[in-house]
Amino acid sequence: MSEQERRRREERALLEERGVNPYPYQWNVTARAAEILERFDDERHQPGEDGVAKEPFRVSIAGRILSKRVMGKASFFHVQDATGQIQVYIRRDDLPEGFYNQVFKKLLDIGDIVGIEGFVFRTRMGEVSVHAERLELLAKALRPLPVVKEVEGKVYNEVTDKEFRYRRRYVDLIINPEVREVFRRRARMITTLRRFLDARGYLEVETPVLQPVYGGASARPFLTHHNALDMTLYLRIADELYLKRLIVGGFEGVYEIGKDFRNEGLSRFHNPEFTMLELYVAYKDYFWMMDLVEEMLEHVAVTLHGAPEVTVGGRTISFARPWPRLPLFEAIERETGRDLYGKSRDELAAAAETLGLEIDETMGSGKIIDEIFGAFVEPKLIRPTFVIDYPVELSPLAKRHRSKPGLVERFEVICNGKELCNAFSELNDPDDQRARFEEQARLRAGGDEEAMQIDEDFLRALEYGMPPTAGLGVGIDRLAMLMTDQYSIRDVILFPLLRPEASAAAEGQATDENVHVFRDAEGWGWRFVRDDVATESSRFAKRDEALAEARRAAQSEGVEVVIDDEA
RNA sequence: GAUCCCGUAGCUCAGCUGGCAGAGCAUCUGACUUUUAAUCAGAGGGUCCCAGGUUCGAAUCCUGGCGGGAUCACCA
């Protein structure tokens with residue numbers, strides 16, 4: 001514990017000795033900082049010579065102390081509430097005997113949460129402030145807050161360490177107002193989407209996150225286990241198959257905004273859990289859906305920015321309708337000079353190799369086309385663009401194109417070089433769907449861990465008949481990155497996934513019930529203790545090898561793997 | 001998974017070719033009743049990420065590890 005933390009605990013004890021509860025129950029807030037600054041009127045509210053205003057502006061506020069300037073028998077400090085900061089002026093002689101010298105000066109710190117009653121005035125230096133007549137501690141902070149100072153727009157001692165900010169987002173939010181603004185804007189964006197869809201009569205629904213069969217996308221899932229039923233469950237990788245069941249059920253427009261989980265790497269565009277909007281509308285096709293997406297995202301941009309233009313990374317991107325609609329193969333031909341439509345797998349592989357891409361045996365034709373698109377086309381598409389008509393191999397849930405053999409009626413919206421939306425005319429022929437699933441099963445047997453599972457119940461639902469349907473998925477986090485001008489997905493997710501802190505692993509969950517991975521002089525190993533009988537592995541040179549073995553052992557024992565913070 | 005960069009006080013950071021661990025803010029003591037990065041005088045505070053090596057001597061050099069960031073790969 002640092003000196004400052006020890007001191008704050010002592011202060012708390014001294015407060016308790018004086019009969020002050022460091023954690024009282026409530027405070028009656030009548031005004032917030034931003035609103036006080038806005039409403040203050042010098043004519044009516046500023047006290048005159050006699051110290052009395054025409055109309056005294058009395059307030060009761062609450063917030064966190066962010067700075068403290070003691071000048072003998074009077075002090076100034078800034079308090080921050082949800083709306084911003086306001087200065088408070090406090091004088092010894094306005095408060096009960098001893099309070100100012102013994103409590104305010106000695107026992108209250110930056111970071112403490114306080115309530116203040118008083119009247120609003122403007123100081124000689126011109127800052128609208130609250131003249132405190134009563135001050136009460138509402139919560140004692142035991143850890144010191146990083147002190148960030150700002151003068152004329154220049155910020156001093158700014159906390160720039162990303163790890164600190166992500167691991168202690170609560171501190172980040174206190175000291176970085178622009179971070180609060182990002183998440184407010186994200187919330188406004190989601191509200192705007194919801195209102196847009198509600199206004200059209202679509203039903204917001206919730207479908208299972210825990211699924212016995214996962215599907216709706218190509219991705220590796222997270223596994224979990226249900227004890228009572230003794231069964232493996234998967235965290236959903238997409239909502240799609242359940243939402244389409246609801247279209248079978250007779251709802252004509254359903255949507256869901258929720259988390260999907262994909263057991264894959266992290267990057268500035270990928271977090272293992274992320275937010276997706278999915279929408280399904282009966283009797284519509286992908287052309288109709290393109291119109292809707294344009295209208296919806298233009299509306300979001302205008303609502304958040306007042307105009308369809310959005311600035312991202314110093315570049316202006318317009319969401320104004322209409323957006324270009326570019327067939328996938330045309331886009332590839334435009335950028336590579338090669339017409340790949342209708343080409344065989346081997347011809348595609350040869351083309352890709354002459355373009356400098358590495359192709360291996362396991363890659364099918366759809367995969368090769370996707371590689372070429374990702375390398376040569378996607379990064380070039382900056383303004384929102386519909387890329388349409390994908391190869392059927394890449395799209396096991398999309399309906400075959402009405403006129404172009406080998407393709408499906410599918411579009412992606414690419415914006416700022418990255419996929420933002422994915423949509424299709426939904427496949428509703430149950431036999432074709434079964435054939436597509438079976439093809440996926442073959443890929444799976446061939447080692448493709450991302451191939452889809454056969455979902456028999458979904459096929460049964462289609463056999464009852466699903467109307468023609470248009471479906472859409474929107475990556476909400478990526479849309480939020482665009483709408484808030486953030487470079488990394490971690491900056492639009494409040495608590496992005498990080499490796500656990502070493503101390504957390506050691507203090508938190510380490511029990512003998514689990515398989516422990518450790519490191520000693522001989523290398524990495526694992527051990528497991530049950531009924532005082534220890535099982536210990538031989539040593540591995542690499543942590544990952546020991547970890548993989550430990551996982552196997554843990555799975556067979558039905559326990560967790562714990563990485564010990566030792567050696 | 002690969003490559004590069006980073007890890008020093010509560011925060012931001014300096015510390016060169018190896019030689020007593022530093023600054024500003026924060027904290028503590030004192031002064032100061034309209035200050036605002038308040039000011040002035042003083043004080044305390046360190047697992048220099050961890051382990052090993054080289055060396056008379058390591059925050060500094062070397063190796064390995066841990067954590068983070070960036071780029072790439074993977075991933076629609």
Side-chain angles (χ1 to χ4, degrees), chain A residues 1-8 10-11 66-78 85 87-94 100 106 109-111 121-127 129 131 141-152 154-167 171 175 217-220 237-238 262-270 272 358 366-367 369-371 373-375 378 387 390 394-395 410 412 414 418-422 449-450 473 475 478 487-488 490 498-503 505 519-521 523-524 541-544 563 565-567:
Chain A
M1 207 187 309
S2 73
E3 177 206 342
Q4 290 187 50
E5 287 170 73
R6 271 195 301 275
R7 192 185 139 68
R8 281 162 182 256
E10 284 163 20
E11 285 171 356
L66 284 195
S67 64
K68 199 175 166 191
R69 292 181 292 282
V70 177
M71 290 165 312
K73 299 177 187 64
S75 298
F76 290 91
F77 59 98
H78 274 90
Q85 293 185 25
Q87 183 172 254
V88 178
Y89 176 58
I90 183 171
R91 290 195 307 202
R92 184 192 68 183
D93 298 342
D94 294 333
Y100 178 83
K106 306 258 185 204
D109 294 303
I110 291 172
F121 75 112
R122 188 185 291 279
T123 66
R124 268 180 220 160
M125 301 301 286
E127 181 164 348
S129 307
H131 186 130
L142 297 179
R143 289 177 186 261
L145 207 57
V147 178
V148 179
K149 297 193 174 178
E150 193 185 334
V151 66
E152 288 166 6
K154 245 195 285 180
V155 180
Y156 298 82
N157 297 329
E158 186 181 16
V159 176
T160 49
D161 179 6
K162 293 257 186 189
E163 183 182 3
F164 182 99
R165 294 182 41 217
Y166 296 146
R167 289 200 193 279
V171 178
I175 62 185
S218 304
R220 288 192 296 180
I237 59 172
R262 297 187 185 174
N263 206 338
E264 283 154 3
L266 294 83
S267 79
R268 75 183 184 94
F269 291 107
H270 298 89
E358 286 187 23
K367 178 78 186 153
I369 289 165
D370 197 38
E371 288 289 313
F373 177 77
E378 201 176 39
V387 175
Y390 282 68
L394 276 177
S395 319
R410 169 180 175 184
E412 288 190 353
I414 310 293
K418 214 67 193 168
E419 177 192 346
L420 189 60
C421 307
N422 183 22
E449 288 184 85
E450 286 157 12
R478 288 185 183 174
Y487 180 74
S488 168
R490 289 180 159 176
L498 301 176
R499 271 198 180 75
E501 289 173 274
S503 59
R519 180 164 174 262
D520 63 17
W524 288 93
K542 297 186 82 169
R543 179 174 178 270
D544 285 353
I563 297 164
D565 181 37
E566 62 181 57

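In the text below, chain A, chain B and the rest are named by the order of the sequence lines, each starting its count at 1. The model shown is predicted, which means the values in this text are computed figures rather than measured ones.
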For nucleotides 28-30 of chain B, tabulate all protein N/O to nucleotide N/O atom pairs closer than 3.5 Å, reporting atom names and distance.
residue: B/C28; atom: OP1; partner: A/R7; partner atom: NE; Å: 2.8
residue: B/C28; atom: OP1; partner: A/R7; partner atom: NH2; Å: 3.0
residue: B/G30; atom: OP2; partner: A/K106; partner atom: NZ; Å: 3.1

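Using Watson-Crick or G-U wobble geometry with both donor-acceptor distances under 3.5 Å, B/G1 finds its partner in B/C72. Base-pair partner of B/G57: not found among the strands shown (Watson-Crick or G-U wobble, both distances under 3.5 Å). Across all strands shown, B/U36 forms no Watson-Crick or G-U wobble pair with both key distances under 3.5 Å. The partner of B/G67 is B/C6, by the rule that a Watson-Crick or G-U pair needs both atom distances under 3.5 Å. Under the Watson-Crick and G-U wobble criteria, each requiring two contacts below 3.5 Å, nucleotide B/G42 is paired to B/C28.
With hydrogens and angles left out, the side chain of A/Q87 and the base of B/U35 share a donor-acceptor pair within 3.5 Å. Between the base of B/U34 and the side chain of A/R124 there is no donor-acceptor pair shorter than 3.5 Å.
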Quiz item: After noting the C-alpha distance and the side-chain angles of A/K367 and A/E371, does the key distance pass the salt bridge (Lys or Arg N to Asp or Glu O under 4.0 Å) rule?
Solution: CA-CA 6 Å; A/K367 178 78 186 153; A/E371 288 289 313; 3.6 Å; yes
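In terms of heavy-atom proximity, A/V159 sits nearest to A/V148 at N-CG2, 4.4 Å.
Taking the six-membered ring where tryptophan is involved, the planes of A/H131 and A/Y89 are perpendicular, since the angle between them exceeds 60° and thus also 30°.
At B/A38, one or more side-chain N or O atoms of A/R69 fall inside 4.0 Å of OP1 or OP2 (strictly under the cut-off).
No contact: A/E5 has no heavy atom under 4.0 Å from any strand. Nucleic acid contact for A/E127: base, since at least one base atom lies under 4.0 Å from a heavy atom of the residue. Within the 4.0 angstrom heavy-atom criterion, base atoms lie near A/L394.
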